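Just so it is clear, the model here is predicted, and its values are computed rather than measured.
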2 protein chains.
Amino acid sequence: MDASKQTIYTIADLAAEFGITPRAIRYYEEMGLLTPQRSQETQQRLYDRSDRARLKLILRGRRFGFGLKEIKELLNLYRVDTGEKEQMRRAIEYGDKHIAEVDEMIRELQETKEEMLEFRRRFERILAGEEDGAK
Amino acid sequence: MDASKQTIYTIADLAAEFGITPRAIRYYEEMGLLTPQRSQETQQRLYDRSDRARLKLILRGRRFGFGLKEIKELLNLYRVDTGEKEQMRRAIEYGDKHIAEVDEMIRELQETKEEMLEFRRRFERILAGEEDGAK
DNA sequence: CAGTATCTTGACGTGTACGTCACCTAATGG
DNA sequence: CCATTAGGTGACGTACACGTCAAGATACTG
Ligand SMILES: [Zn+2]
Ligand SMILES: [Zn+2]
Ligand SMILES: [Zn+2]
Ligand SMILES: [Zn+2]
């Protein structure tokens, strides 16, 4: 039971590192996505590596337009009791759905990129004089 | 100048096709992302294939968490006057930035998927009894 | 001709994700 | 000792993306 010598972050540390405000981090906690320890006397929030990892996942989810509710589900998905086999089986099942979602997003993004490149190529051709601006 | 015989959609057509509400479509117009024709007498909005294509792009952007402002910028990016060479050069330049953004998103999503698969594999191993639930 | 459906323009309401401010509590530095 | 800094808890404000009426015009339908 050696619980010492862990890296500890203050709320300002994490806010600075990820370019967000402490308010946002507290909000994620309000919504149940983070549960940092508190210093017994001052009630200060103390984040460890695992909290930091969770925050990283939250922010990644946010960047891709996920709501906090779904992100919370995902976080809990990979936090199941590895002793409860039935829970794990369900986690795998739900997880597969999300993996499929991510796959679909990757496909859509690649399609998007291809379309942007097509525009780019067309513009380049026009600039090179091989085509004019007429429809 | 043959401008007839075009496919025309009503607002309800598009709403049904894309699984959104007419209100959302009107909102995109309010924000300047769509400018459908109007029937001269009834003021009814009439969408053509190009409007439909724009709407498709809007919804794709939304799914990836982009705000309407940035989506509008992107739409205008590929709508430059192909006669104005300087405009096109700037369009290519801005476009490249967005392509890089999309690339970065693809990378992040692939990383995300890999992490999810790692969890999945770990769960499978535990279920197979090769590992127990202890830390 | 009355009813239902589909569109229009306001106008106000709502959920999410925070921003901002007031006020309070420690710890630190000159 | 007093000011600054860093953190805490409400509580209210705000931007965005719509949802949800209300009221009116028009068109098809039995
Ligand atoms: Zn999902
Ligand atoms: Zn961008
Ligand atoms: Zn001192
Ligand atoms: Zn009839």
Colleague: Pick the nucleotide of DNA chain C nearest each of A:K69 and B:P22; which residue has the one closer to the 5' end?
Modeller: B:P22
Colleague: Would you mind reading off the distance between B:L34 atom CG and D:dA17 atom P, rounded to a whole angstrom?
Modeller: 14 Å
Colleague: Quick one: B:Q43 CD to C:dT9 P, roughly how many Å, whole number?
Modeller: 7 Å
Colleague: Rounded to the nearest Å, what distance is computed from the OH atom of residue B:Y27 to the P atom of nucleotide C:dT9?
Modeller: 16 Å
Colleague: Could you state the atom-to-atom distance from CD of A:E30 to P of D:dA11 in whole Å?
Modeller: 12 Å
Colleague: Both A:R23 and A:Q44 contact DNA chain D. Which one's nearest nucleotide lies toward the 5' end?
Modeller: A:Q44
Colleague: Side chain of B:R54, backbone of B:L33: donor and acceptor closer than 3.5 Å?
Modeller: yes
Colleague: Give the rounded distance in Å between these two atoms: CG of B:L33 and P of D:dC16.
Modeller: 13 Å
Colleague: Does a side-chain N or O of A:R38 approach OP1 or OP2 of D:dG7 to a distance below 4.0 Å, or not?
Modeller: no
Colleague: Donor-acceptor pair, distance only, cut-off 3.5 Å: does the side chain of B:D103 make one with the backbone of B:A100?
Modeller: no
Colleague: For A:I25 and D:dA6, give me the distance from atom CD1 to atom P, rounded to whole Å.
Modeller: 15 Å
Colleague: Could you check which of C:dC7, D:dA27, C:dC18 has an atom nearest any side-chain atom of B:T42?
Modeller: D:dA27
Colleague: Salt-bridge test for A:R90 and A:E84: reply yes if a basic N is under 4.0 Å from a carboxylate O, no otherwise.
Modeller: no
Colleague: Is the shortest side-chain N/O distance from A:Y28 to OP1 or OP2 of C:dC18 below 4.0 Å?
Modeller: yes
Colleague: Which of the following nucleotides, C:dG19, D:dG7, D:dA17, is nearest to the side chain of A:I11?
Modeller: D:dG7
Colleague: Nearest whole Å is fine: how far is D:dG8 P from A:Q40 CD?
Modeller: 15 Å
Colleague: Going by the salt bridge (Lys or Arg N to Asp or Glu O under 4.0 Å) test, name the single residue among B:R120, B:R107, B:R121 that passes it with B:E114.
Modeller: B:R121
Colleague: Within the structure shown, what part of the strands sits under 4.0 Å from A:R45 by heavy-atom distance: base, sugar-phosphate, or nothing?
Modeller: sugar-phosphate
Colleague: Counting side-chain heavy atoms from CB outward, which of C:dT9, D:dT9, D:dC16 is closest to A:R26?
Modeller: D:dT9
Colleague: Starting from C1' on C:dT6, measure out to OH on B:Y47 and report it in whole angstrom.
Modeller: 13 Å
Colleague: Please lay out, stage by stage, how B:R60 and A:E115 fare under the test salt bridge (Lys or Arg N to Asp or Glu O under 4.0 Å).
Modeller: CA-CA 13 Å; B:R60 188 159 66 187; A:E115 287 167 23; 2.7 Å; yes
